[in-house]
**Student:** 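This is the structure I have questions about; it appears just below.
Each chain gets a letter, A, B and so on, in the order its sequence line appears, and its residues count up from 1.
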Amino acid sequence: MKMRLSFFSQVCAVVKSIPKGKITTYGIVARLVDTKDSRRIGHALHANRDPNCPCHRVVFKDGSLAPGYAFGGPKEQRFRLEKEGVGFKASGKVDLVNHLWNESLSLAI
DNA sequence: TTCCTGACTTTAC
DNA sequence: AGTAAAGCCAGGA
């Protein structure tokens, strides 16, 4: 079947739509690209690792960062988030309560 | 083309 | 509470 846009392209589009200083989870992104599997989101980003894709804004539902961030490691990812104003908890997890990008905001896409 | 892997999430013990 | 297994599908070899 013919796919006009690669799965990565869809994921990338959604990730780029995330406002600066906000974050979202793989599950939410998965829903935005009309899928049920969150693993593909991470897979897509990891396989493509496009520098234009702010994948550092995509985290686990738990708030933890990706274990295999391809841009310089998880610490680099955390640094980028902090730089954008995203707060972290003592557990090393991102503050989902104050920075989670709500799925409803995606209606603009 | 087929087969295997994977940056997840959820449910169950 | 933490640990284990299942399920889903697109890429890469």
**Student:** Checking contacts here: which listed nucleotide (B/dA7, C/dG11, B/dT9) is nearest the side-chain heavy atoms of A/Thr25?
**Tutor:**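 Between B/dA7, C/dG11, B/dT9, the one nearest the side chain of A/Thr25 would be B/dT9.
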**Student:** When you measure from the side chain of A/Ser38, which nucleotide among B/dA7, B/dC8, C/dG12 comes out closest?
**Tutor:**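 Side chain of A/Ser38 sits closest to B/dC8.
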**Student:** Any idea which of B/dA7, B/dC8, C/dG12 is nearest the A/Ala47 side chain?
**Tutor:**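 Per side-chain heavy atoms of A/Ala47, the pick is C/dG12.
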**Student:** In the structure I gave you, are the side-chain heavy atoms of A/Trp101 and A/Ile23 within less than 4.5 Å of one another anywhere?
**Tutor:**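 No, too far: nothing below the 4.5 Å cut-off.
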**Student:** Without decimals, in angstroms, what is the distance between A/Arg39 CZ and B/dT10 P?
**Tutor:**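 Atom-to-atom, A/Arg39 to B/dT10, this comes out as 14 Å.
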**Student:** Give the cluster check for A/Val29 versus A/Phe60: same hydrophobic cluster or not, with ILVMFWY residues linked at side-chain heavy-atom distances below 4.5 Å.
**Tutor:**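 No, no single cluster joins them.
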**Student:** I need the CD1-P distance between A/Ile23 and B/dA7, as an integer number of Å.
**Tutor:**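 Nearest whole value for this atom pair: 20 Å.
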**Student:** With A/His56, which of A/Gln77, A/Glu84, A/Glu76 fulfils side-chain hydrogen bond (donor to acceptor under 3.5 Å, both in side chains)?
**Tutor:**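 Exactly one option meets the side-chain hydrogen bond (donor to acceptor under 3.5 Å, both in side chains) with A/His56, and it is A/Glu84.
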**Student:** Across the strands shown, which category fits A/Tyr69 at heavy-atom distances under 4.0 angstrom: base, sugar-phosphate, nothing?
**Tutor:**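 The residue A/Tyr69 makes base contact.
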**Student:** How long is the line joining NE2 of A/His43 and P of B/dT9, in whole Å?
**Tutor:**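 Computing the A/His43:NE2 to B/dT9:P distance gives 16 Å.
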**Student:** Pick the closest DNA chain C nucleotide for A/Phe8 and for A/Lys36 by heavy atoms, then say which residue is nearer the 5' end.
**Tutor:**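 Upstream on the strand: A/Lys36.
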**Student:** Taking atom C1' of B/dC8 as reference, at what distance in whole Å does atom CG of A/Leu65 sit?
**Tutor:**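 Atom-to-atom, A/Leu65 to B/dC8, this comes out as 14 Å.
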**Student:** Quick one: which of C/dC9, B/dA7, B/dG6 gets closest to the side chain of A/Asp37?
**Tutor:**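 So the side chain of A/Asp37 is nearest to C/dC9.
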**Student:** For atom CZ of A/Arg31, is the number of surrounding heavy atoms from other residues, nucleotides or ligands below 6.0 Å larger than 12?
**Tutor:**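 For A/Arg31, atom CZ is not crowded (no more than 12 foreign heavy atoms under 6.0 Å).
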**Student:** Round to a whole Å and report the spacing from CZ of A/Arg49 to C1' of C/dG12.
**Tutor:**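 After rounding, the reported distance stands at 12 Å.
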**Student:** On the nucleotide B/dT10, are OP1 or OP2 found under 4.0 Å from the side-chain N or O atoms that A/Lys61 carries?
**Tutor:**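 Looking at the OP1 and OP2 atoms of B/dT10, one of them is under 4.0 Å from a side-chain N or O of A/Lys61.
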**Student:** Round to the nearest Å and state the distance from A/Ile41 atom CD1 to C/dG11 atom P.
**Tutor:**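 Those two atoms, CD1 and P, are 11 Å apart.
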**Student:** Side-chain N or O of A/His46 less than 4.0 angstrom from OP1 or OP2 on B/dA7?
**Tutor:**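 Yes, such a contact exists.
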**Student:** Would you mind reading off the distance between A/Asp34 atom CG and C/dA10 atom P, rounded to a whole angstrom?
**Tutor:**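 Those two atoms, CG and P, are 11 Å apart.
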**Student:** What's the CG-P distance between A/Leu81 and B/dA7, to the nearest Å?
**Tutor:**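 Nearest whole value for this atom pair: 18 Å.
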**Student:** Under 3.5 Å, side chain of A/Asp62 to main-chain N/O of A/Ser64, donor-acceptor pair present?
**Tutor:**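 Absent.
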